[in-house]
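Just below is one structure, and these are the notes that go with it.
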Amino acid sequence: MLQFKNGDKSCEFDKNEIILHDVIKSLGLDNKKIIAAKFNGELMDLSRCVNSGGEVEAVSADSPEGLEILRHSTAHLMAQAILRLYPGSHFGVGPAIKDGFYYDVDAAGTITENDLPKIEAEMRKIAGAGEKVSREDMPKDEALKFFAEDPYKTELISEIDAPTVSVYKQGEYADLCRGPHVPDASKIHNFKLLSIAGAYWRGSEKNKMLTRIYGTAFANPDELKAYIKMLEEAKLRDHRKLGKDLDLFSLHEEGPGFPFFHPKGMAVMNTLIDFWRREHNKRGYTEIKTPQILDRELWIRSGHWDHYRENMYFTEIDEKPYAIKPMNCPGSILVYKTQLRSYRDLPMRLTELGCVHRHERSGVLHGLMRVRCFTQDDAHTYIEPTKIKEEVTAIMELDKYFYTNVFGFKYSVELSTRPEDSMGTDEQWEAAENALKDALESTNTPYTINPGDGAFYGPKIDFHLEDCIGRTWQCGTIQLDFQMPGRFGVTYIGEDGAEHTPVMIHRVVFGSVERFMGILIEHYAGAFPYWLAPVQVKIIPIADNHVDYAKKLQETFFNWGLRVEVDTRSEKLGKKIRDAQLQKVPYMLVVGDKEQAENKVGVRERSKGDLGSMTLDEFKNVLDNEFNPLKSR
RNA sequence: GCCGGUGUGGCUCAGGGGUAGAGCAGCGCACUCGUAAUGCGCAGGCCAACAGUUCAAAUCUGUUCACCGGCUCCA
């Protein structure tokens, strides 16, 4: 006798074993969208046979768990189609991921983007025929024999630490897989293959490169359509396109990875920096500036030569070796050491908007997000070891103010621990990692651990912001450093009159000012808020004889400190407005006979439209009510 | 760096072995206009670079460079 229940529903079978799908049916839970089962909390195939009773749930394709199964099964469906079209192909791994799935293929022949429709068509054929999916548990040695032709599966099987493995078969295709999967391919309707790329087997560049095919699948056709539309809209937000359209920056073959900033881009960047300076001054930071090129000896002493050389550029001055700085810390230390410091001077918070050069491999460059020269909004804080938590907490609050209050970003936090290539003792690393953990936990900050991703001199807390298509980019970081102060003999005189070594905190908020700007462009889709907009106000004379009045207004607004342009072209009003809208200017001021006579401006806001005629005082009042973190306090 | 793709006027793109095309932007002229594109005209390109095949290359081949999508790496 087997008893099953689901909430207040229950059923019994006078048998020793039963198929979960039958249980679901008699519990009255079945419908077309059900693709798997959950038995006592464990996801299983609908066809799975159980020999004890328990809690049973039906997993629908539109639940988060069901969607993952659906996508995973779609990856298998794709693999079967590829096997038909490219017999002899082998497969690596093919998991469900955040917005879909991929499968890494060692294809017999070359698969290109143009082949995706063909593969998709084959997939629909198989799904239409309702190809059955079945699971089989095999002892490992049998599985090894079964997959003898497949180097990838054999490698995976031999690493599995269990006596048996499960194999899923559908038609001519079979795959080593934990499952569960849909009962048959007819459950898969709404899918699309998206892109193709190379990917190293098991993620190591020492291994062969396989062909990775990305795709996605959804429970409903509307969701798939919405997702594809989202991808298209995201493309329109791409900071590289908007950077061109809005004349913010450009990239040139003559300087790969070295962006050129135009006047409008600089207007945004300088505004960001003004804001940044204000906020740091409020919090007890003072600013320094250190040289671009420094003696190679300094970098040997700092450990960069041993741990970071691959990413550095070198040069020679008067036959002596020098390095272009990839980080600002050694420079900061030299400034610290120009005087004998007291515990009363600590924490000493030195900021530096340092332009650093790092050699990045050609394939990773990406607009403003990944470059070879960027401006770090750096600060190095020298601090007594007992004050770490307090200081780290204060930095996290600063980060939160920036990201959430001012820019409205979602962000995630990671704690990155000791990497393989690093300096210092285990005790030092443990102390540093614990200090960061402590700060995170005492502020109830949710975080994940990113093992082995710390800097070579210490662990770090990283802040990741999302771009328009969900890629995340590291911006802020807080790094604890127990190494450099010792290496450079950095000291302070304590209350006890003795010399002590301070701890150093390296931290950035924007991270790279360039990257942060890239993310802002996508975040706002180019429509910067009033305080950041490169052109805040565009004056639009209706006819040529209003240009003089427009220019007079511009003078006034310059004196108010605004960024203002006048459209002096002999175009129609509609055209000038359209162009200003496309440039995403927050305020357009239409001026014609009426305004000129009354000394007014016709105010149009880019999203609210025509706000009517206003005196200059009234307009100023509107501007004063705009969000502006440069004016608070 | 690796795999795949792409490279044609400022921008978006068509063409494709026989002396280079469109729209937008630019310039000129006319219009002097009331809240998302006025009309007409003009000018603008060694078709990424370098080799090769050919009577002839933007077009075919090779190499290089840059860019795009990923991988690896990272702020």
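We name chains A, B, ... by the order of the sequence lines, and we start the count at 1 in each one. Model, not experiment: these values are computed from the prediction.
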Should [X] be listed as having a side-chain N or O under 4.0 Å from OP1 or OP2 of [N]?
| X | N | value |
| --- | --- | --- |
| Ser362(A) | G1(B) | yes |
| Lys206(A) | C2(B) | no |
| His366(A) | G69(B) | yes |
| Arg240(A) | C68(B) | yes |
| Lys241(A) | C67(B) | no |
| Gln474(A) | A75(B) | yes |

Lys241(A) NZ: over 12 foreign heavy atoms closer than 6.0 Å: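 It does not: Lys241(A) NZ has 12 such atoms or fewer within range.
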Can you establish whether the number of heavy atoms outside Glu310(A) located under 6.0 Å from its atom CD is more than 12?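 Incorrect, the count does not exceed 12.
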Distance flag, aromatic centroids of Phe260(A) and His252(A), threshold under 6.0 Å: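 When the ring centroids of His252(A) and Phe260(A) are compared, they turn out to be within the sub-6.0 Å range.
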Where Ser416(A) and Asp462(A) come nearest, the two heavy atoms and their spacing: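 Closest pair (atom of Ser416(A), atom of Asp462(A), distance): OG-OD2, 3.0 Å.
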Quick one: label [X] by what it contacts on the DNA or RNA (base, sugar-phosphate, nothing), any heavy atom closer than 4.0 Å.
| X | result |
| --- | --- |
| Glu595(A) | base |
| Gly574(A) | sugar-phosphate |
| Arg361(A) | base |
| Gly203(A) | sugar-phosphate |
| Leu210(A) | nothing |
| Met369(A) | base |
| Val371(A) | base |
| Glu571(A) | base |
| Val364(A) | base |
| Lys460(A) | sugar-phosphate |
| Thr211(A) | nothing |
| Lys594(A) | base |
| Asp593(A) | base |

Expressed as a whole number of angstroms, how long is the span from [X]:[atom1] to [N]:[atom2]?
| X | N | atom1 | atom2 | answer |
| --- | --- | --- | --- | --- |
| Met209(A) | G5(B) | CE | P | 14 Å |
| Asp579(A) | U35(B) | CG | P | 16 Å |
| Ile213(A) | G5(B) | CD1 | C1' | 14 Å |
| Tyr102(A) | C71(B) | OH | C1' | 10 Å |
| Arg370(A) | A66(B) | CZ | P | 16 Å |

Between [M] and [N] - [atom1] atom distance, rounded Å:
| N | M | atom1 | answer |
| --- | --- | --- | --- |
| G26(B) | A37(B) | P | 16 Å |
| G44(B) | G21(B) | C1' | 13 Å |
| A58(B) | U8(B) | C1' | 7 Å |
| A49(B) | A57(B) | C1' | 15 Å |
| A56(B) | U38(B) | C1' | 46 Å |
| U63(B) | C11(B) | C1' | 30 Å |
| U53(B) | C74(B) | C1' | 44 Å |
| C55(B) | G15(B) | C1' | 24 Å |

Going by the angle between their ring planes, with limits at 30° and 60°, are [X] and [Y] parallel, tilted or perpendicular?
| X | Y | value |
| --- | --- | --- |
| Tyr152(A) | Trp201(A) | perpendicular |
| Phe463(A) | Tyr411(A) | tilted |
| Phe402(A) | Phe407(A) | tilted |
| Phe275(A) | Tyr401(A) | tilted |

Which of the following nucleotides, [options], is nearest to the side chain of [X]?
| X | options | value |
| --- | --- | --- |
| Ile542(A) | C33(B), A37(B), A75(B) | C33(B) |
| Ile577(A) | U35(B), C33(B), C67(B) | U35(B) |
| Arg604(A) | A36(B), C73(B), A75(B) | A36(B) |
| Gln581(A) | U72(B), A25(B), A36(B) | A36(B) |
| Thr112(A) | A75(B), G34(B), G5(B) | G5(B) |
| Thr110(A) | G4(B), G34(B), G69(B) | G4(B) |
| Arg578(A) | A36(B), C67(B), G69(B) | A36(B) |
| Glu360(A) | C74(B), G69(B), U32(B) | C74(B) |
| Ile196(A) | G4(B), A75(B), C67(B) | G4(B) |
| Arg569(A) | G34(B), G26(B), G70(B) | G26(B) |

Note on RNA chain B: ranges paired as stems (three or more Watson-Crick/G-U pairs in a row, both atom distances under 3.5 Å) are B:1-7 with B:65-71, B:10-13 with B:21-24, B:26-30 with B:38-42, B:48-52 with B:60-64
Closer to the 5' end of RNA chain B via nearest nucleotide, is it Tyr214(A) or Arg606(A)?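 It is Arg606(A), whose closest nucleotide lies nearer the 5' terminus.
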Quick one: what's the B/S/- string for nucleotides 41-49 of chain B, heavy-atom cutoff under 4.0 Å, read 5' to 3'? ---------
Face-to-face contact Phe374(A) to A75(B) six-ring, under 5.5 Å, under 30°: yes
Quick one: which of His464(A), Gln474(A), Glu414(A) gives a side chain to side chain donor-acceptor pair (under 3.5 Å) with Asn450(A)?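 Only one option passes, and that is Glu414(A).
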Please check this pair: side chain of [X] against backbone of [Y], looking for a donor-acceptor N/O pair closer than 3.5 Å.
| X | Y | answer |
| --- | --- | --- |
| His546(A) | Asp593(A) | yes |
| Arg515(A) | Gly511(A) | no |
| Arg71(A) | Ala217(A) | yes |

Taken to the nearest 0.5 Å, the spacing of Lys584(A) NZ from Tyr524(A) OH works out to 14.0 Å
Find out whether Trp429(A) and Glu433(A) are in side-chain contact, i.e. whether some heavy atom of one side chain is under 4.5 Å from a heavy atom of the other. yes
